[in-house]
Amino acid sequence: MTQLVLEQALNGLQFGLMLFLLAAGLTLVFGIMDCINLAHGSLYMVGAYFVAAAAQAADSFWIGLGAGIAGAALLGLLLELSLFRQLYRRDHLSQVLATFALILIANESVRVIWGPAPLMLNPPESLAGPVEIAGFFYPAYRLVIIGVGLVVAALLYLLVAKSRVGMWVRAGAANREMTEALGINVRGLFTAVFVFGAALCALAGGLLGPLLAVQVGMGESVLILAFVVIIIGGIGSIRGALVGALIVGTVDTLGRALLPTLLRATLPADAAATLGPALASILIYLLMAAILFFKPQGLFPARA
Amino acid sequence: MADALLEVRALSRRFAAVDALQGVNFSVTAGEVHALIGPNGAGKTTFIHHVSGALRPDSGSIHFAGREATRLSMHERVRAGMARSYQITNVFTGQSALDNVALAVQGRPDAGSSFRFWRPVAAERRLFDEAVAFLEQVGLGDKAGQLAGHLSHGEQRALELAMALATKPQLLLLDEPMAGTGPEESARMVELIEHLARHVTILLVEHDMDAVFRLADRISVLVNGRLICTGLPDEVRQDAEVRRAYLGDHL
Amino acid sequence: MAFYRPARWQNAAVSVSLAMLIALPELLTALDQSYYTGFATRVLIFALAASSLNLVLGFGGMVSLGHAAFFGIGAYVAAICYDAGIHEGLLVLPLAALVAGLFALLVGAISLRTRGVYFIMITLAFAQMTYYLFISSSAWGGDDGMPIYERMQFAGFSLLADEALYYLALGVLALCMLLFARQAQARFGRTVQAIRENETRMEALGYPVFRYRLVCFALGGAVAGLAGALLANLTGMASPNLLQWTQSGTLLVMVIIGGVGYLWGGLVGAVVLLLLEEFLLAWFEHWHIALGLLLIGIVLFAPRGVAALFGKHHG
Amino acid sequence: MSIRLTALAAALMLAGSVHAADPIKVGFVSTLSGPGAGLGVDIRDGFNLGMQHLGGKLGGLPAEVLIADDQQNPDIAKQATDRFLKRDKVDFMTGIVFSNIMLAVGPAVFQNQTFYISANAGPSQYAGAQCNPFFFNVAWQNDNLHEAVGKVVQDKGFKNVMIVTPNYPGGKDAVSGFKRFYKGKTEEMYTKLGQLDYAAELAQIRAAKPDALFFFLPGGMGINFVKQFVAAGLSRDTQLFAPGFSADEDVIKAVGEPMMGMFNSSHWAHDMDNAENKRFVADFQKAYGRLPSLYASQGYDAALMMDAAVRDVKGNVADKKALQKALEAKRFKSVRGEFKFNSNHYPVQNYYLRAIGKDAQGRVTNKTMGTIFTNHADAYVAQCKMK
């Protein structure tokens, strides 16, 4: 039982860290620029495709990952300069529509370029198997993901919490006009944050590619999870995104793992078998609704 | 204070590290014009927001027309007979002046429910007749058909007043009605308020001291979130603490 | 934005369009194109769904990204009714509207406590919850959805023929549009539009803003449920796909193409989008790229939509 | 939103029939995009190869195949089907992969009195109480492959079996099919349909320590599951079993070596020794550069079946009764060898055990190990009141 809980905790951590990579960029774009970006998931998808394509071309996962991230960052730059700049000052409805349109364009373009069938991305050969830790086996690749996720999360935290740029970013999220008045190049800051968010998307997409499948539509399901994360954490807060991501990752994983067992112990087998997965799949949404009910601004509101 | 229409007891509110209001005791007697003055940043607007229900206090209570109103929402206070005008003009600029006031009339409990889905409002003569009367009362009778957005600043302020009046309040909260108006418009506004004061109790927040001393029956002074003095205009004029606050502020 | 006022030539335009729509099935049959009767029914139903969202979004000013939940619930009510042996449309349709409306009342009561993006996201979350609930419930067919093997009747008349269902959809749409048109100029419509413009001012005029918003939200949900029940009878099933958030997005796109807050916005948007889809698709398999570019163009250059031509805001 | 690709099979020669001017039209609606796309693409390619072998004709008549993608969405499938039935007035429909989509589309097809030749989806409804003269299944009844696995697992003497399947009706059918022939202890685990990360499930499997694991996860789900199952090191202690569609060439191609040693059941295998199959497998590889899957074999058979029936009625496809008789007679040679149609229009056929290993050329692929069932029918035929 302890092994089960330990393994599930690792799984939750891995899932949560990946969600954090996605949510970090989203929450900053959202918080600083007050811009809803539904196409954030599409950046994740396109990033994963870039990584898969580059990895195939270079026959190396790691080179592919680097190239894919660079490609996604470049795409982010182009998008920011051409479209998002126009959107920052528009109402939420316009942002929803324009970025929904981007999803349509991204999905269809990927279909045109790479075809409708999913791409397969394999982890590096050396990481394909399990490793033994404390007497049980755990997939080596998932451990690597956890490692990368932790390093990036730590770097991001230091960057935002300690560096001068991070101070501007935090200031921008808390009060945009004030930051502008202090003579900081907010435009440049926006562009940098957006590009950075795109790169993080590609990193998550590339890392998850070998575990999941690189396919059209992969961005949408994860986008909603990322939104749940930042709503729970509080829009604009990196700390909130980290906490929210870990909460969602853990709750979702443990819910899926433990709920059916718990229900089986209390309900008739038939009811438990149907109710379990249903409840597990809506658990995070229930959690979000509950948190919003008590803290309408999320756990760590960036604006006082 | 048996006949206090509005009574505020020990009202306190903190924003982050700032005590915006500290234990404010305050009352408005039925029939009077009570002016609230104080230097910039003294907490006057915060106070009005608490009275009107836009903000909730940390502690203390508000009583209106003999009933506890601390927990009532803004619209419930309006329905209880408390109307307010805004410091910054806050009318529906895309509507005619008449439509603006008609909307206010329509919101009144005695005008019936607004959950009506079929009959065009345009066919409800009574709403508009009444709205015209209120417009006339504030001297906008000839501007009824004009878009609110096209009215002059002073006229928009008057329209605000008409909308507040249309809710048939017992107490009118006027938040700096003279703000941004020229001397001529100011004079007209003072006249108008004087005229209204015969029918309704008024809580007036104002910077224009001439207007305040001309209109007010009583004056209260708020400084740094504390009510330092309440009294007749002459008493307030003589009050040492008030003088210090004001003069110190201005010098 | 000001309150909705109909254009002067609206009545004439509506009468002509209605006459054309009444004649349409005959015409299609004469041209041996009766397939398009089913297609036209679909357009009418989506016009109804989009118009119901327009009530919430355009008139009520509430950006909901979960409207498909009510649409889908309406469809499921129709399928569950069929399953339970209730085949009378006079019963099924009001029931669908009622259930969807009550659910919208519940969702609205919680969501309307939040503002701005939080509102958008919490409506989305509720729709996702509903989606996963239906996907996981074996009693309602789970991922398979629920079939309706035989269309309901209406007042005893069979709806088996595509023409019959077409006329029912047309009738329901006409009635709902009449209601929407009336309410827009009645007390309720003016109230919610004023709330859309300035919520605090309305509160300060004594309006219980929350209650009006909630009723508007629930009314929109109820009409969406009506549309869902009709769609389920057209396609012969209630499918969880109807509840997906992309479906909410599609409805939103329809409203925005048509014109937010214009009475005919939802209807025009549904017609334009579905016609584009039906006919562009044969030409250009990847027409979503074109649609996406078109939408971005609308956002950047024509944010008022197509129906802006059909109703003016005075001033 | 559906995609209409019009593929006209060129055919100019008249073939001794009065109806020669009118091509036989086939509406092919299948899942050609998204996670389930591999299945639909295989059926399509198999069907197209069949048409190619037939010279682009059905029963000697020129034929036209209209193709649409249902995106694994019943609503879109319904629209595409309506278009084919009412606008294009097709003579046959085929192609659907998933049973839920079949159930959504079926009523309209039957009401229109158009014959549906299912090259995959075999819902129990259409095998039992809702069987229909216009529905033929040239593949299987959904439960059959699960039943075959259940039999194998039972015979091999496994005692503690875990079942993983998506939480949807097809998944529950799989469980009941499996349990129809396996009587030992089971633990069932239901996942979200379309789930791609199985970390939570794998942890539970590790904790439960079953000696065998039966999974039914169609399409990309199965691919990911097997990959992650092996990466977690679970293949050391637990023997994997799956129905043929979770262990076919499409999955093997994606997963590779980790699949080795897995058992599965099928009614067809690419190494089956008959002339039709050899030609099919060889030509399929030539045309598409990959080994055919059982979906491809079913698509191929569907084309042959239409051809034989049209030939039988001499091109008079308007005579529905005669056409039905001709279809029931099954006068084509299937790549899976002999089989016949039951009274519910589902096949009565053999099911084989396959194991995944390396073939002579070093490719990872399926090898036929033996026969599980001979002339096996489905469990629902008794409820079918047809005839």
Side-chain angles (χ1 to χ4, degrees), chain B residues 48-49 52-54 73-86 88-96 99-124 127 145-150 160 163-164 166-169 173 175, chain C residues 1-6 10-11 55 59-61 101 105 112-113 175-220 222-223 261 263 312-315:
Chain B
I48 288 288
H49 279 323
S52 70
S73 64
M74 205 198 287
H75 70 262
E76 285 166 329
R77 294 183 204 203
V78 178
R79 299 215 146 185
M82 190 194 288
R84 71 171 290 187
S85 74
Y86 281 83
I88 301 158
T89 305
N90 207 348
V91 295
F92 295 93
T93 50
Q95 312 304 325
S96 69
D99 277 337
N100 267 284
V101 183
L103 203 55
V105 176
Q106 184 194 318
R108 224 166 51 207
D110 67 329
S113 164
S114 279
F115 286 103
R116 293 187 191 166
F117 298 85
W118 199 252
R119 190 165 163 227
V121 169
E124 298 196 42
L127 289 185
Q146 281 205 27
L147 276 191
H150 292 175
E160 276 268 325
M163 290 169 76
T167 66
K168 287 204 177 152
L173 309 177
D175 195 0
Chain C
M1 218 151 67
F3 294 172
Y4 167 79
R5 287 241 175 124
Q10 173 174 288
N11 285 346
L55 177 73
F59 287 88
L105 204 62
L112 284 169
R113 290 176 194 284
L175 275 179
C176 288
M177 290 314 294
L178 182 63
L179 172 70
F180 289 161
R182 296 293 303 213
Q183 69 81 28
Q185 298 187 72
R187 283 189 173 199
F188 181 77
R190 283 169 71 96
T191 307
V192 292
Q193 289 176 88
I195 291 172
R196 175 192 69 199
E197 297 304 304
N198 191 339
E199 184 186 335
T200 332
R201 190 71 186 98
M202 286 300 277
E203 187 80 32
L205 288 178
Y207 285 89
V209 165
F210 179 81
R211 227 174 291 162
Y212 286 98
R213 283 208 146 134
L214 186 58
V215 169
C216 182
F217 191 81
L219 192 64
V223 175
L263 180 61
K312 64 180 181 197
H313 293 311
H314 85 153

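Here is the naming used below: chain letters follow the sequence lines, and residue numbers restart at 1 for every chain.
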Point to revise | C:L205 side chain reached by B:V78 side chain, heavy atoms, under 4.5 Å | key: no
Practice item. Could you tell me which portion of C:F180 (side chain, backbone, both or neither) has an atom closer than 4.5 angstrom to a non-hydrogen atom of chain B? Key: neither
Practice item. May I ask you to decide whether B:R77 forms a salt bridge with C:E203, counting only side-chain N to carboxylate O separations under 4.0 Å? Key: no
Check your understanding: Given side chains that start at C-beta, do those of B:Y86 and C:R201 come closer than 4.5 Å, heavy atoms only?
Key -> yes
Practice item. Let me know if C:L179 has heavy atoms under 4.5 Å from chain B in its side chain, its backbone, both or neither. Key: both
Check your understanding: Considering only heavy atoms, which portion of B:A104 lies under 4.5 Å from any heavy atom of chain C: side chain, backbone, both, or neither?
Key -> both
Check your understanding: Atom CE in C:M202, atom CG in B:L103: separation rounded to 0.5 Å?
Key -> 4.0 Å
Review point. Side chains of B:H75 and C:V209: does their closest heavy-atom pair fall under 4.5 Å?
Key: no
Check your understanding: Aromatic rings C:F188 and B:F117: how do their planes relate, parallel, tilted or perpendicular, breaks at 30° and 60°?
Key -> tilted
Practice item. Tell me, for B:Q146 versus chain C, whether the close heavy atoms (under 4.5 Å) come from the side chain, the backbone, both or neither. Key: neither
Point to revise | Within-4.5 Å side-chain heavy-atom neighbours: B:M74 and C:T200 | key: yes
Point to revise | Residues which pass salt bridge (Lys or Arg N to Asp or Glu O under 4.0 Å) with B:E76, listed by chain and number, not counting sequence neighbours | key: none
Review point. Relative to chain B, which of C:T191, C:N198, C:V192 shows the most heavy atom pairs under 4.5 Å?
Key: C:N198
Review point. Do B:W118 and C:L178 touch side chain to side chain, with heavy atoms closer than 4.5 Å?
Key: yes
Study note, to complete from the structure: In this structure, CZ of C:R182 is separated from CZ of B:R119 (nearest 0.5 Å) by 10.0 Å
**Study point:** Residue B:S113 versus chain C: region with a heavy atom under 4.5 Å
**Key:** backbone
Study note, to complete from the structure: Among B:R108, B:Q106, B:M163, the residue with the most heavy-atom pairs under 4.5 Å to chain C is B:Q106
Check your understanding: Non-hydrogen atoms of chain C under 4.5 Å away: do they reach the side chain of B:S52, the backbone, both or neither?
Key -> neither
Check your understanding: Going by heavy atoms in the side chains, are C:R187 and B:E124 under 4.5 Å from each other?
Key -> yes
